[in-house]
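Structure first, commentary second.
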Amino acid sequence: MERSHYNADVANVSPGQTVTVAGWVRKRRDLGNLVFVDLYDRSAVLQVVFDPERNPELVDSASALTRETVLTVRGKVSSRPEEALNPDMITGRVELIADSFTIHSTSALPPIQMTGGPESNEELRLRYRYLDLRRSEMFQIFNVRHQTYQYVRSFYVENGFIEVTTPQLMRSTPEGARDFLVPSRLHFGSCYALPQSPQLMKQILMISAFDRYFQIARCFRDEDSRADRQPEFTQIDVEMSFTSIETLFAIHEKLFAGLFKSMLDLDIPTPFRRITWQNAMDWYGSDKPDLRFNMKIKDVTSIVSDSGIGFIDSVAAGGGVVRLVCYPDGAKLSRKQISELENVAKKRGANGMLAVKVTDGETISGTILEKKLSKEKQTLLLEVAEAKAGDLLCIVAGDRMTVSEALGDVRLEIAGRENLKSDEYEFVWVTEFPLVEYDPEDNRCYAMHHPFTAPMEEDLQYLDTDPVRCRAQAYDLVLNGVELGGGSVRIHKPELQQRMFAALGISKELAESQFGFFLEALKYGTPPHCGIAFGFDRLIMILAGTDNLRDVIAFPKTLQAVCLMTRAPSTVTDDQLNAVGLQRKPNSESSKTTKQN
RNA sequence: GGGGACGUAGUUCAGAUUGGUUAGAACGUCGGCCUGUCACGCCGAAGGUCGCGAGUUCGAGUCUCGUCGUCCCCGCCA
């Protein structure tokens, strides 16, 4: 008895026909002699009827059909009586009159909530992931994921990209995230590293004349997890030769507009907006601005300085800035609510936040600003802030970066509280990222994107003397405050690559020993190329409408990077360790690991 | 590495401020009844190391300390 139809398809079968369906029992409703069984498969729920007038010999045995029993049922499709139609079910106009059924296996009582009611807690869901994934909500998410794989693949194929699989066992390289190491039996004491991304391999494919490459690649980073970060994740990885940022942007605008049309039936306008990194920081206090609402940060340094307000004057004298966001109708806030808002700013490093109520369109009240600032300057301040009566000005003073980031968080907090975010999907390219970042602890610069990113032509002059001043030909694609992906034009000349390493304080010797193979490759005719990579899991989160990254990964890890279903990672035997030349260290760290197993 | 929240029947939660009889509810499970249910209904029953371990106390789900686990944030994540 093999399945002839998925449950959902039975809705379209004409009554009287015999079908065979298979699935799991969701629920049995025993009305005495009349028994209904909800059978579900990945497509839908179908009501199976055991009726003493129509299949008397089966009614008794239907009592065995408890929750999550697996069975195949053959029966006749029947139209439901008028009064028994169920418009909430795909199959609600029909039901299956069972002729015979086979129980394949029964189920222990499921330890998680399978349907209806409040969802079980995530710890249990992850431990019993196979049951969790059996829930239709979860299947829907993975169907979205599946369709997105297919859409993305065919899009790149249609646009002349070739899919190449790059190795999972790679060479460990310095810079960037911590590597997951894979010790080797054949090379006693040596380790492979799992790729943080296929970065160097895809550039090398450009050197190999592949011209347009893509891959849906697995990546691994041994760093602490977050709500939107897993140690193991998937990215759409792309590289292109002999082309421009303009073309790369255009192709990917087409990809995302098409994908969102296909998946969500949404018309995303193209081209996407663009904003430089500096403007994103100044206006939105973030390198991944959420443009679903406006509320730009405004600079008022020149208006409020020299007003005899101590902390402001000293900030301005020290080269700092005074900036604000205007909280629409925020004057209504209680002292406590304002203090909570101030804490948001403080958490991001601000020393404090001045909250100023706008009494009418022209004056402010309740703070030192009212006393110290002239009428004209108050009016000017409100003009710049674009404030109206009843608004609240949230003012922060300090160095430019701290103020931006603090107000960026305040801006998001206000939008969250007041529900200011529209339902739109606001894509934006953030461009001209800084090339490097100075790290005072290590007294050196680190690449903001990665060390193979090309500086902007006009900033090349600063590369050797003042690299922090260089902007990079690097870009991110941001959607509603989520970083979807990022990329850059790469360095394709060995000399420039050497200068870049020097700017990062990486000696010739170190560069040679760590990236020698790549520097060598660059010598053999490297085309100009650029690329980008997108976080596939985050994209699925948005398409599936979930805010939990673990929901879009079939078998995810917890924040502690543990798989609750398999209990990975586990300790291994001394024999296994010996084989690869490793020895257990008898300290508290290793005994901690032992306890988990 | 640091900060915060949580952990009580199979599940979701109350009970914790103010320590005190036998730790409750709903859903689920099991048994009985029920021929058009689809959150079926009605009657009944079972089901608890209160995460774990110490401590304070005559007495701890409740207070203290430690520990384990999950989540969220900072650091970290080119």
Side-chain angles (χ1 to χ4, degrees), chain A residues 26-39 45-54 56 59 63 66-68 78 80-89 91-92 95 107-128 131 173-179 196-197 199-200 219-231 233 344 346-349 405 409 433-437 439 441 445-453 472 474 483 486-488 500 504 506 533 535 547-550 557-560 562 564 567 592 595-596:
Chain A
R26 167 158 295 171
K27 201 156 211 187
R28 187 182 78 238
R29 287 179 297 280
D30 187 342
L31 276 63
N33 276 322
L34 181 65
V35 181
F36 298 98
V37 169
D38 283 345
L39 184 81
V45 178
L46 176 66
Q47 176 163 280
V48 182
V49 185
F50 298 84
D51 184 343
E53 284 164 20
R54 288 185 281 190
V59 173
S63 65
T66 53
R67 212 163 271 256
E68 304 304 323
S78 166
R80 292 194 185 194
E82 190 68 34
E83 66 278 10
L85 297 176
N86 186 341
D88 296 332
M89 289 171 75
T91 59
E95 56 195 5
S107 170
L109 190 62
I112 65 165
Q113 187 79 36
M114 297 296 291
T115 179
E119 211 172 49
S120 289
N121 80 53
E122 208 179 355
E123 200 174 338
L124 274 176
R125 288 174 52 210
L126 291 177
R127 180 158 168 210
Y128 299 96
L131 293 177
T173 52
E175 307 290 295
R178 281 180 269 267
D179 287 324
Q196 297 173 27
S197 82
Q199 184 59 37
L200 289 176
C219 305
F220 307 85
R221 293 176 192 175
D222 191 4
E223 297 290 348
D224 288 5
S225 298
R226 278 292 190 290
D228 59 354
R229 248 161 46 193
Q230 282 269 311
F233 60 101
V344 170
K346 281 181 170 171
K347 235 176 132 180
R348 255 307 155 134
E405 290 184 336
D409 278 6
F433 273 74
L435 185 68
V436 299
E437 248 177 331
D439 180 348
E441 262 181 45
C445 289
Y446 281 95
M448 192 137 173
H449 187 52
H450 55 56
F452 316 104
T453 299
E483 181 195 327
S488 62
M500 180 67 184
L504 294 173
I506 299 173
D547 52 7
N548 184 344
L549 187 63
R550 291 174 296 273
K557 311 272 190 296
T558 66
L559 279 187
Q560 299 305 314
V562 169
L564 291 178
R567 299 311 302 188
K592 198 173 146 191
K595 254 185 228 163
Q596 289 175 356

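Just so it is clear: chains get the letters A, B, ... in the order the sequence lines come, proteins before strands, and each one is counted from 1. From a predicted model like this one, the values you see are computed outputs, not experimental measurements. Excluded from the calculations below are hydrogen atoms, water molecules and symmetry mates; all remaining heavy atoms, backbone and side chain alike, are included.
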Which of the following nucleotides, [options], is nearest to the side chain of [X]?
{"X": "Leu109(A)", "options": "rC38(B), rG10(B), rG75(B)", "value": "rG10(B)"}
{"X": "Arg226(A)", "options": "rU12(B), rG75(B), rG36(B)", "value": "rG75(B)"}
{"X": "Thr558(A)", "options": "rC72(B), rU12(B), rU70(B)", "value": "rU70(B)"}
{"X": "Arg178(A)", "options": "rU37(B), rC77(B), rC76(B)", "value": "rC76(B)"}
{"X": "Lys27(A)", "options": "rC76(B), rC72(B), rC40(B)", "value": "rC40(B)"}
{"X": "Ser120(A)", "options": "rU12(B), rU70(B), rG36(B)", "value": "rU12(B)"}
{"X": "Leu31(A)", "options": "rU35(B), rC73(B), rG1(B)", "value": "rU35(B)"}
{"X": "Asp38(A)", "options": "rG36(B), rC71(B), rC38(B)", "value": "rC38(B)"}
{"X": "Gln560(A)", "options": "rC77(B), rC38(B), rU70(B)", "value": "rU70(B)"}
{"X": "Pro118(A)", "options": "rU37(B), rU12(B), rU70(B)", "value": "rU12(B)"}

Hey, does the side chain of [X] come within less than 4.0 Å of [N]'s phosphate (OP1/OP2), counting only N and O?
{"X": "Arg29(A)", "N": "rU37(B)", "answer": "no"}
{"X": "Asn86(A)", "N": "rU37(B)", "answer": "no"}
{"X": "Arg28(A)", "N": "rC40(B)", "answer": "no"}

Base partner of [N], which must satisfy Watson-Crick or wobble distances under 3.5 Å:
{"N": "rA16(B)", "result": "none"}
{"N": "rG44(B)", "result": "rC30(B)"}
{"N": "rC71(B)", "result": "rG4(B)"}
{"N": "rC52(B)", "result": "rG66(B)"}
{"N": "rU35(B)", "result": "none"}

**Prompt:** Taking only residues two or more places apart in sequence, or in another chain, which ones meet Asp409(A) in a salt bridge (Lys or Arg N to Asp or Glu O under 4.0 Å)?
**Reply:**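 Checked Asp409(A) against salt bridge (Lys or Arg N to Asp or Glu O under 4.0 Å); matches are Arg348(A).
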
[atom1] atom, [N] versus [M]: distance in rounded Å?
{"N": "rG51(B)", "M": "rU8(B)", "atom1": "P", "value": "6 Å"}
{"N": "rG61(B)", "M": "rC50(B)", "atom1": "P", "value": "7 Å"}
{"N": "rG7(B)", "M": "rA14(B)", "atom1": "P", "value": "8 Å"}
{"N": "rC13(B)", "M": "rC6(B)", "atom1": "P", "value": "13 Å"}
{"N": "rG47(B)", "M": "rA9(B)", "atom1": "P", "value": "15 Å"}
{"N": "rG44(B)", "M": "rU49(B)", "atom1": "P", "value": "26 Å"}
{"N": "rC52(B)", "M": "rU70(B)", "atom1": "C1'", "value": "15 Å"}
{"N": "rA39(B)", "M": "rA46(B)", "atom1": "P", "value": "30 Å"}

Going by modelled atom types, is there a donor-acceptor pair between the base of [N] and the side chain of [X] at under 3.5 Å?
{"X": "Glu82(A)", "N": "rG36(B)", "answer": "no"}
{"X": "Arg67(A)", "N": "rG10(B)", "answer": "no"}
{"X": "Arg80(A)", "N": "rC38(B)", "answer": "yes"}
{"X": "Asp224(A)", "N": "rG75(B)", "answer": "yes"}
{"X": "Arg348(A)", "N": "rC73(B)", "answer": "no"}
{"X": "Arg229(A)", "N": "rC77(B)", "answer": "yes"}

Identify, with sequence neighbours excluded, every residue that meets side-chain contact (heavy atoms from CB on, under 4.5 Å) alongside [X].
{"X": "Arg125(A)", "result": "Glu119(A), Ser120(A), Glu122(A), Arg129(A), Asp132(A), Arg135(A), Met138(A), Asp551(A)"}
{"X": "Arg229(A)", "result": "Arg226(A), Arg538(A)"}
{"X": "Gln47(A)", "result": "Arg29(A), Phe36(A), Asp38(A), Val49(A), Arg80(A), Glu95(A)"}

Assign [X] to base, sugar-phosphate, or nothing according to its heavy-atom contacts below 4.0 angstrom with the strands shown.
{"X": "Phe36(A)", "value": "base"}
{"X": "Arg127(A)", "value": "nothing"}
{"X": "Thr453(A)", "value": "nothing"}
{"X": "Glu95(A)", "value": "base"}
{"X": "Pro451(A)", "value": "base"}
{"X": "Glu119(A)", "value": "sugar-phosphate"}
{"X": "Gln47(A)", "value": "base"}
{"X": "Ala84(A)", "value": "base"}
{"X": "Leu564(A)", "value": "sugar-phosphate"}
{"X": "Pro52(A)", "value": "base"}

What's touching nucleotides 41-47 of chain B from the protein side, N or O pairs under 3.5 Å?
none

Detail all sub-3.5 Å separations between protein N/O atoms and N/O atoms belonging to nucleotides 3-6 of chain B.
none

**Message:** Taking the nucleotide of RNA chain B with the nearest heavy atom to each, does Asn548(A) or Ser225(A) sit closer to the 5' end?
**Reply:**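 Mapping each residue to its closest nucleotide by heavy atoms, the 5'-most match is Asn548(A).
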
**Item:** 5' precedence on RNA chain B between Thr66(A) and His450(A) (nearest-nucleotide basis)
**Value:**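 The residue closer to the strand's 5' end, by nearest nucleotide, is Thr66(A).
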
**Item:** ring-ring contact (aromatic ring centres under 6.0 Å, His included) partners for Phe452(A), two or more places apart
**Value:** His450(A), Phe515(A), Phe518(A)

**Item:** Counterpart residues, side chain to side chain donor-acceptor pair (under 3.5 Å), relative to Ser63(A) (two or more places apart)
**Value:**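 By the side chain to side chain donor-acceptor pair (under 3.5 Å) rule, Ser63(A) matches no residue at all.
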
**Request:** Under the side chain to side chain donor-acceptor pair (under 3.5 Å) rule, collect the residues that match up with Glu123(A), sequence neighbours excluded.
**Result:**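 Testing Glu123(A) for side chain to side chain donor-acceptor pair (under 3.5 Å), a comparison that skips the adjacent residues, returns none.
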
**Asked** Got Leu39(A) and Val45(A) here, is their nearest side-chain heavy-atom distance under 4.5 Å?
**Response**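 No, their side chains stay 4.5 Å or more apart.
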
